[in-house]
Asker: 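My questions all concern the structure below.
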2 protein chains.
Amino acid sequence: MLDAPNNIPDVVIKRLPIYSRALVQILATRQRTVSSNELAMATGSTAAQIRRDLSYFGGFGKQGKGYDVERLLAAIREILNLNEQWPVVLIGAGSLGQAVARYGGFAEQGFVVRRVFDHNVDRIGMRINDLVVQDVREMAELVRQEGILVAILAVPAGAAQKVADDLAKAGVKAILNYAPSTIQVPDDVRVHDIDPVAALQSLTYYLTPSEAQARGVSHRVS
Amino acid sequence: MLDAPNNIPDVVIKRLPIYSRALVQILATRQRTVSSNELAMATGSTAAQIRRDLSYFGGFGKQGKGYDVERLLAAIREILNLNEQWPVVLIGAGSLGQAVARYGGFAEQGFVVRRVFDHNVDRIGMRINDLVVQDVREMAELVRQEGILVAILAVPAGAAQKVADDLAKAGVKAILNYAPSTIQVPDDVRVHDIDPVAALQSLTYYLTPSEAQARGVSHRVS
DNA sequence: ACGTGTGAAGTCTTTCACAGCG
DNA sequence: CGCTGTGAAAGACTTCACACGT
């Protein structure tokens with residue numbers, strides 16, 4: 001068990017998976033050692049930030065050398081508890097839910113979708129890979145029984161709050177929320193929102209409508 | 001055209017779509033006016049933050065009353081350029097790309113997927129709704145010709161950088177990146193990354209592996 | 001009395017810059 | 001000599017708290 005201080009900023013924790021991703025890639029090139037500068041390049045961050053972030057957890061680097069790729073990756077994986085297998089419940093078996101259930105990327109990283117629930121009678125009983133969609137009314141009991149802590153919410157906006165309440169009551173502590181609405185949860189539950197439309201809507205702020213007119217092969221440098 | 005100062009923090013811009021979402025919901029209840037406090041409740045923010053955020057764009061509120069829901073929504077939509085229709089290119093017609101292409105939520109908000117490209121010969125020519133998957137080699141020219149500024153990247157990690165380079169050269173200024181890798185772009189291009197696995201990986205930091213053992217209906221309040 | 005808009009204060013995060021180790 | 005780890009400074013963002021308009 002790591003004896004890290006319990007005061008690490010959330011922003012830092014959010015960046016660790018990005019570092020992890022980059023380290024896996026670097027490891028694949030057989031490179032043994034990586035400097036904060038190289039990692040910064042690979043992650044779109046800065047060398048100072050990477051050194052500061054890693055220093056929260058202790059000295060992983062060697063002066064003049066950098067960080068041992070394999071060792072750093074192992075450390076980050078331990079910090080993030082990625083050596084566990086995390087069983088996950090998925091709520092919502094609409095097109096998004098189905099895409100999530102079929103996507104191999106979660107299981108590959110230890111997030112195994114164990115159960116899928118839906119409210120809609122037409123979807124209950126449906127098979128997705130080796131899972132059968134169950135009635136959402138059975139959710140609370142099964143989640144509690146199986147000690148599942150992680151949920152992926154893929155229901156329409158209108159249903160999200162009620163499901164989130166039920167999940168929290170059933171003991172879930174981490175929710176990946178695909179519903180385009182804000183959900184209220186107790187303090188000991190963490191939510192990460194994914195809203196691609198909202199993301200695009202904030203990107204268009206930086207686009208001037210007039211830019212849309214700038215057609216053709218014009219090479220004006222703004 | 002709004003004469004807002006050009007110094008508005010990115011975090012603020014990221015929150016505007018959330019306010020917009022909440023306002024649409026409130027508008028549906030026929031409520032005419034909303035206070036910073038109510039909006040805070042609805043968005044999981046705080047009243048002070050909402051007042052501060054909105055104050056960057058001028059005084060939308062009335063003392064003692066709050067904000068006119070309809071007027072505030074219209075203002076935010078104008079700030080974010082949401083009254084435009086934004087044609088979008090989608091790169092990657094794998095399962096994620098297909099899900100994106102079929103998802104109605106983008107078009108509903110003015111982001112119309114105009115073209116889909118893929119590298120894989122097996123996918124080129126495939127129909128998705130009313131679109132036909134085209135060869136990615138035709139992408140640059142078509143994007144430029146049609147003045148498309150917004151792209152959704154749904155290719156494997158290994159292909160993302162090359163595609164991003166081509167998109168930037170073709171004039172794209174906003175990229176929604178679903179590829180689980182960091183992409184490097186020129187300063188005048190904005191990227192928003194969506195990586196659900198990375199999101200889960202940062203959530204599990206807050207979960208103690210021992211918690212997974214806490215099964216049954218135990219009501220310990222930790 | 002209610003609720004906005006905003007200086008000022010407080011907190012959090014990033015960046016600088018360098019001592020010190022390998 | 002190269003590169004980490006980290007005080008200290010700078011900068012960004014949030015929150016407080018209240019004057020003021022309605």
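Numbered from 1 within each chain, the chains take letters A, B, ... in sequence-line order. Everything quoted here is computed from the prediction, not taken from an experiment.
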Asker: Decide yes or no for Leu176(B) and Val150(B): does some side-chain heavy atom of the first lie under 4.5 Å from some side-chain heavy atom of the second?
Answerer: no
Asker: Keeping the roles fixed (side chain from Gln161(A), backbone from Gln184(A)), state whether a donor-acceptor pair exists under 3.5 Å.
Answerer: yes
Asker: Between Gln63(A) and Ala47(B), which has a closest nucleotide on DNA chain C that is more 5'?
Answerer: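 Final value for this comparison: Ala47(B).
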Asker: In whole angstrom, give the distance that lies between atom CD of Gln49(B) and atom P of dG5(C).
Answerer: 15 Å
Asker: Between atom CD1 in Ile50(A) and atom P in dC16(C), what is the gap in whole Å?
Answerer: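 Rounded to the whole Å, the gap is 14 Å.
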Asker: Identify, residue by residue, the members of residues 10-19 of chain A with a heavy atom below 4.0 Å from DNA chain C, and return them in order of residue number, or none.
Answerer: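 Residues of residues 10-19 of chain A under 4.0 Å from DNA chain C: Val11(A), Arg15(A).
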Asker: Can you tell me if the side-chain N/O atoms of Tyr56(B) get under 4.0 Å from OP1 or OP2 in dC13(D)?
Answerer: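 Tyr56(B) to dC13(D) OP1/OP2: no side-chain N or O under 4.0 Å.
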Asker: Below 3.5 Å, does any donor atom in the side chain of Arg52(B) face an acceptor in the base of dT15(D), or the other way round?
Answerer: yes
Asker: Taking CD from Glu38(A) and P from dC3(D), how many angstroms apart are they, rounded to a whole number?
Answerer: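 The answer, rounded to whole Å, is 8 Å.
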Asker: Is it the case that Arg21(A) and Thr182(B) place a side-chain donor and acceptor less than 3.5 Å from each other?
Answerer: yes
Asker: In terms of side-chain geometry, is the basic nitrogen of Asp188(A) or Lys173(A) positioned less than 4.0 Å from the acidic oxygen of its partner?
Answerer: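 Here Asp188(A) pairs with Lys173(A) in a salt bridge, since their nearest N and O are under 4.0 Å apart.
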Asker: Here's a test of your reading of the structure: between Pro9(A) and Lys62(A), which maps to the more 5' nucleotide of DNA chain C?
Answerer: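 Closer to the 5' end of DNA chain C: Pro9(A).
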Asker: Measure the distance from CG on Asp68(B) to P on dT4(C) and round it to the nearest whole Å.
Answerer: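 Roughly 13 Å, once rounded to whole Å.
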Asker: Rounded to the Å, how far apart are Asp53(B) CG and dT15(D) P?
Answerer: 10 Å
Asker: Specify the separation, in whole Å, of atom CG of Leu39(B) and atom C1' of dG5(C).
Answerer: 16 Å
Asker: Ignoring backbone atoms, establish whether Thr46(B) has a side-chain N or O less than 4.0 Å from OP1 or OP2 of dT15(D).
Answerer: yes
Asker: Does Ser36(B) make a side-chain N or O approach to OP1 or OP2 of dG3(C) shorter than 4.0 Å?
Answerer: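 So the side-chain polar atoms of Ser36(B) never come under 4.0 Å of the phosphate oxygens OP1 or OP2 of dG3(C).
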Asker: For Lys65(A) and dG5(D), what is the distance between atoms NZ and P respectively, to the nearest whole Å?
Answerer: 15 Å
Asker: Does His192(B) have more than 12 heavy atoms from other residues, nucleotides or ligands lying within 6.0 Å of its NE2?
Answerer: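 It does: His192(B) NE2 has more than 12 such atoms within range.
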Asker: Counting heavy atoms from C-beta on, name the nucleotide in dC16(D), dT15(C), dT4(C) closest to the side chain of Ala48(A).
Answerer: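 Output: dT15(C).
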Asker: Between dG2(D) atom C1' and Arg51(A) atom CZ, what is the distance in whole Å?
Answerer: 11 Å
Asker: Salt bridge (charged side-chain N to carboxylate O under 4.0 Å, His left out) between Lys162(B) and Asp166(B): does it pass, once the steps are laid out?
Answerer: CA-CA 6 Å; Lys162(B) 162 129 187 43; Asp166(B) 292 346; 2.7 Å; yes
Asker: Please confirm whether the backbone N or O of Leu207(B) pairs with a side-chain atom of Thr204(B), one donor and one acceptor, at under 3.5 Å?
Answerer: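 Checked: no pair found.
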